[in-house]
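Let me begin by presenting the structure, written as structure tokens, before commenting on it.
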Amino acid sequence: MGVRAASHTTTQVEFSCSTEQVNYQEAKLLPSEALPWPVSFTNKIFIVLFFSSSYYLMKRWNEKIRTSMPLHMVNLAEILALLAQIASFIYMIGFFGIDYAHHIVKSADEPISYGEYKNQVAPEGSCLPDLKAEQKKDIKLNGTALADNEDEDLALAVSSGKVPSYSLEAQLGDCTRAAAIRKRGTELMTAKSLDGLPLRGMDYQSILGQCCEMVIGHIQIPVGVAGPLLLDGCEYMVPLATTEGCLVASTNRGFKAIHQSGGASSVLLKDGMTRAPVVRFQNLQRAAELKFYVENSDNFDTIESIFNRTSRFARLQNIHCAMAGRHVYIRFRCSTGDAMGMNMISKGVQNVLSYLQSVFPDLENISVSGNFCADKKPTAVNWIEGRGKSVVCEAVIKEEVVTKVLKTSVSALVELNVVKNLAGSALAGAIGGFNAHASNLVSAVFLATGQDPAQNIESSQCITLMEAVNEGRDLLISVTLPSIEVGTVGGGTQLASQAACLNLLGVKGANQSTPGKNAQTLARIIAGTVLAGELSLMSALAAGQLVTSHLKYNRSSRDINAQNPNPQS
């Protein structure tokens, strides 16, 4: 049983460098973390303390002047008031003047620097390279600083191992030059040409400590635009990054069918990211005691307070435990504002684990992620419980639109959906794969808007349903995606190209009035795009158009003739 659901949303964090992306969002410590209370509470206390002590001292000063009493003669109450005034003044100068005001000028969702992140958040044994140490370490080549050497000499030194490749940015202070030298060093090391890998046209400074390490260039993925998507009364032109011909054109046809039928509607069912650490005890009894303790509603307020203290946006919603022998998997769910939120929730989880260790001294913390989360894997727990944004989207497609735009019939679509998407997927043993090609659309929008491509795995879990309505004339189609994991701040969303695509959708950055709304809108748009893609592909299959359309858009007739000069053979 989950321990109490809150009316907030959720997100998650991971420190594993091998499989999960590190996002430095929300890693900065809050001022209130120096004290055992939330920042809003401490602010009020010190403001009241400052003005009340100032008022009292001014009142006493006036009394002393009126009675000709020496000002330097003070009693205990005046000493305490003076100390309170000084303490509250230091708090407001240090906390408001330096840190709090900084967050007013700077976006609250702007990620911190790599060095700040590593010093504050990265756990012991993390595979994150220590860039700060590299900056302090002065590496020389041929008796001079690296920056004073020729690029070819540096490339030779990198290829031979004399100069660590990962140190180039810190030592040279020029990310573009570092990428060029590393690219050349890779060519020398492998004796393979990288001429086709572009180097120019990318802001490598924005990548450093944020999106990618050991950079040697960037790849080109075409971005098409389809639309407008009429969803919940609003129109969106949707950017799709893909190398699959016909995908954008097909999706555009689906958008047209939806628009001519009056548009689609969507509902956000849940918004909560998850992280599930695994801990171990010496015996089963102690493991069960932890499970009962964590899931006891009487303890939730304490755990929630400890968790929420770590971030301005992370808000714990519920906790669910599972056991495997003496191992306990604790699945936290929390809201994360407009960030995808993996780091945000991981930080909160670490703090809660520290608290639980004080209650259960024999608790052995195995890993901050025990795969019960579950991140970047197709799992039943995400399919049933949801992760990130859970969205349902539907539309009623008019009979004449099905006939004229989609070139098929309502009955053919309903039958094909049952036979293919439901029965066929069941035979294949699918987990959340009851659709035609949801992953195509999710991946295309993910790449265009700077999401973590690997999270396409669970984000594409989808069931597509179709039925005849209005006495069998019209088609009701819906898609349900329980685990759309997206954010509009942090990670790749801050790169120029991806930020432009988010801006096209009207969801760039954090929503200042309603934190989390931009990320939720993006999830709704993805669901609407999947709906259009499902509608168009299923129509092409029902009408027998799939092969001809792909031959038209994926392979030119010139290529076909070149491979088969005699069509009759």
Between Asn371 (side chain) and Ala374 (backbone), is there a donor-acceptor pair under 3.5 Å?
no
Mind running side chain to side chain contact (heavy atoms under 4.5 Å, CB included) on Thr488 and Val486 for me, showing each step along the way?
CA-CA 7 Å; Thr488 57; Val486 293; over 6 Å; no
Which heavy-atom pair separates Glu458 from Ala454 by the least distance, and what is that distance?
OE1-O, 4.1 Å
For a quick test of reading the model, state the closest non-hydrogen atom pair linking Phe446 to Asp452 and the distance between them.
CD2-O, 3.4 Å
Can a donor-acceptor pair be found, under 3.5 Å and without considering hydrogens, that links the side chain of Ser478 to the backbone of Glu394?
no
Please find the pair of heavy atoms, one from Ala527 and one from Val391, that lie closest to each other, and give the distance.
CB-CG1, 3.6 Å
Could you give the distance from CD (Glu385) to CG (Asn318), rounded to the nearest 0.5 Å?
8.5 Å
Looking at NE2 of His218 and OG of Ser497, how far apart are the two atoms once the value is rounded to the nearest 0.5 Å?
8.5 Å
Under 4.5 Å between any side-chain heavy atoms of Gln350 and Asn365, yes or no?
yes
Under the side-chain hydrogen bond (donor to acceptor under 3.5 Å, both in side chains) rule, collect the residues that match up with Glu235, sequence neighbours excluded.
His259
Do the side chains of Phe307 and Ile345 get nearer than 4.5 Å, heavy atoms only?
yes
Which atom of Pro277 lies closest to which atom of Leu353, heavy atoms considered:
CB-CD1, 3.9 Å
Is the backbone of Cys321 close enough, under 3.5 Å, to the side chain of Glu295 for a donor and an acceptor to pair up by distance?
yes
Salt bridge check: are Asp338 and Lys517 linked by an N-O gap of less than 4.0 Å?
no
Are the side chain of Lys291 and the backbone N or O of Glu289 linked by a donor-acceptor pair below 3.5 Å?
no
If you take all heavy atoms of Cys462 and Val479, which pair is closest and at what distance?
SG-CB, 3.9 Å
Pairwise distance CG(Asn382) to CD1(Ile457) - rounded to 0.5 angstrom:
11.0 Å
Validation row: Tyr236, Thr521 side chains within 4.5 angstrom (heavy atoms)
yes
Is there a side-chain contact between Ile484 and Arg524 in this structure, where contact means two heavy atoms from C-beta onward sitting under 4.5 Å apart?
no
Can you tell me how far CD1 of Ile525 sits from SG of Cys234, rounded to the nearest 0.5 angstrom?
9.0 Å
Backbone N or O of Leu316 within a donor-acceptor pair of the Asn308 side chain at under 3.5 Å?
yes
Please report the closest heavy-atom contact between Phe255 and Gly528, naming both atoms and the distance.
CE2-O, 4.0 Å
Side-chain donor-acceptor pair under 3.5 Å between Ser265 and Asp232, yes or no?
no
Flag, side chain of Glu534 to backbone of Ala436, donor-acceptor distance under 3.5 Å:
yes
Given side chain to side chain contact (heavy atoms under 4.5 Å, CB included), test Ser311 with Lys347 step by step and report yes or no.
CA-CA 9 Å; Ser311 169; Lys347 185 182 174 188; over 6 Å; no
Distance alone, cut at 3.5 Å: any donor-acceptor contact between the side chains of Ser459 and Glu485?
no
Asn440 and Glu244: side chain donor to acceptor below 3.5 Å:
yes
Between Arg280 (side chain only) and Val328 (backbone N and O only), is there a donor and an acceptor less than 3.5 Å apart?
no
Test item: side-chain donor near acceptor, Asn299 and Ser297, under 3.5 Å:
no
Contacts of Val392 meeting side-chain contact (heavy atoms from CB on, under 4.5 Å) (sequence neighbours excluded), chain-then-number -> Leu269, Thr480
Exactly one candidate in Leu535, Val442, Thr464 meets side-chain contact (heavy atoms from CB on, under 4.5 Å) with Val530; the answer is Val442
I need the Glu467 CD to Leu476 CG distance, nearest 0.5 Å.
5.0 Å
Tyr355/Phe360 under side chain to side chain contact (heavy atoms under 4.5 Å, CB included): CA gap, chis, key distance, verdict:
CA-CA 9 Å; Tyr355 164 74; Phe360 296 85; over 6 Å; no
Contacts of Thr449 meeting side-chain contact (heavy atoms from CB on, under 4.5 Å) (sequence neighbours excluded), chain-then-number -> Val445, Gln451, Cys501, Leu502, Leu505, Leu522
As an exercise, state the distance from CG of Asn456 to CG of Leu447, rounded to the nearest 0.5 Å.
8.5 Å
With distance as the sole test, does Gln205 use its side chain to make a donor-acceptor pair with the main-chain N or O of Cys175 at under 3.5 Å?
no
Side chain of Ser536, backbone of Gly533: donor and acceptor closer than 3.5 Å?
no
CA sep, side-chain torsions, deciding dist, call: Leu268, Lys389, side chain to side chain contact (heavy atoms under 4.5 Å, CB included):
CA-CA 7 Å; Leu268 182 79; Lys389 279 73 174 165; 3.8 Å; yes
Do Leu231 and Cys393 touch side chain to side chain, with heavy atoms closer than 4.5 Å?
yes
Under a 4.5 Å cut-off applied to non-hydrogen side-chain atoms, are Arg333 and His320 in contact?
no
Is there side-chain contact between His437 and Leu247, with at least one heavy-atom pair below 4.5 Å?
yes
Please check this pair: side chain of Asp362 against backbone of Phe281, looking for a donor-acceptor N/O pair closer than 3.5 Å.
no
Residue pair Tyr166 / Met214, side-chain heavy-atom distance below 4.5 Å:
yes
